[in-house]
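Note: hydrogens, waters and symmetry copies are ignored here, and every other heavy atom, side chains too, is used. Each residue takes its place number in the sequence, starting with 1. Since we're looking at a predicted model, the values are computed, not measured.
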Amino acid sequence: MDSTPHVRPDPRRVAQRLDGNALAGMLDAFAGLDPALLLLTCGHCGRSAALAEWSVEMDAAAAIVRCRGCTRTFATILRRDGGIEVRAAGGSISTPSAV
């Protein structure tokens with residue numbers, strides 16, 4: 001007789017493998033939001049502040065976003081072929097909790 005307890009997986013915690021379209025709804029929270037209100041958290045020192053409170057070095061080709069707490073590069077934003085490319089170096093971006 002098998003004495004191993006039977007454990008049912010919690011359906012709320014089972015991950016599904018989907019394509020990128022599944023993120024459209026989640027990322028829609030960024031659309032229409034004033035980018036200066038986005039909350040950035042540095043992956044090095046943990047400082048969290050609105051984008052407007054970060055340091056930016058910018059020229060015609062690119063902008064480098066640096067943490068004011070530790071001066072590490074958070075992201076590099078490049079102008080390319082009429083578009084924008086964001087290279088994230090470390091940390092996270094979130095919407096204000098009221099969104």
Leu38 side chain near Leu33 side chain, heavy-atom distance below 4.5 Å: yes

Evaluate the side-chain contact (heavy atoms from CB on, under 4.5 Å) criterion for residues Leu39 and Thr95: first the C-alpha distance (whole Å), next the side-chain angles of each, then the deciding distance (0.1 Å), finally the verdict. CA-CA 6 Å; Leu39 295 174; Thr95 61; over 6 Å; no

Could you check whether atom CZ of Arg72 has more than 12 heavy atoms from other residues, nucleotides or ligands sitting under 6.0 Å from it? no

Residue pairs passing the side chain to side chain donor-acceptor pair (under 3.5 Å) test with at least one member in residues 22-36, sequence neighbours excluded, are none

Apply side-chain hydrogen bond (donor to acceptor under 3.5 Å, both in side chains) to residues Thr76 and Arg87 and explain how you reach the verdict. CA-CA 5 Å; Thr76 302; Arg87 295 181 181 175; over 6 Å; no

Show the numbers, then the answer: is there a side-chain contact (heavy atoms from CB on, under 4.5 Å) between Phe74 and Arg47? CA-CA 11 Å; Phe74 177 82; Arg47 178 182 177 268; over 6 Å; no

Taking atom types as modelled, find out whether Arg68 and Ser55 have a side-chain donor-acceptor pair closer than 3.5 angstrom. no

Can you list everything that forms a salt bridge (Lys or Arg N to Asp or Glu O under 4.0 Å) with Arg79? Sequence neighbours excluded, please. none

Shared hydrophobic cluster for Ile93 and Leu27 (ILVMFWY, side-chain gaps under 4.5 Å): yes

Give a yes or no on whether the backbone of Ala61 and the side-chain of Asp59 come within a donor-acceptor separation of less than 3.5 Å. yes

Between Leu51 and Pro35, what is the shortest heavy-atom contact and its length? CD2-O, 3.3 Å

For residues Val65 and Thr73, determine if any side-chain heavy atom of one lies less than 4.5 Å from a side-chain heavy atom of the other. no

Sub-4.5 Å side-chain heavy-atom contact between Val56 and Ile64: no

Could you tell me the separation between the SG atom of Cys42 and the CZ atom of Arg66, rounded to the nearest 0.5 Å? 11.5 Å

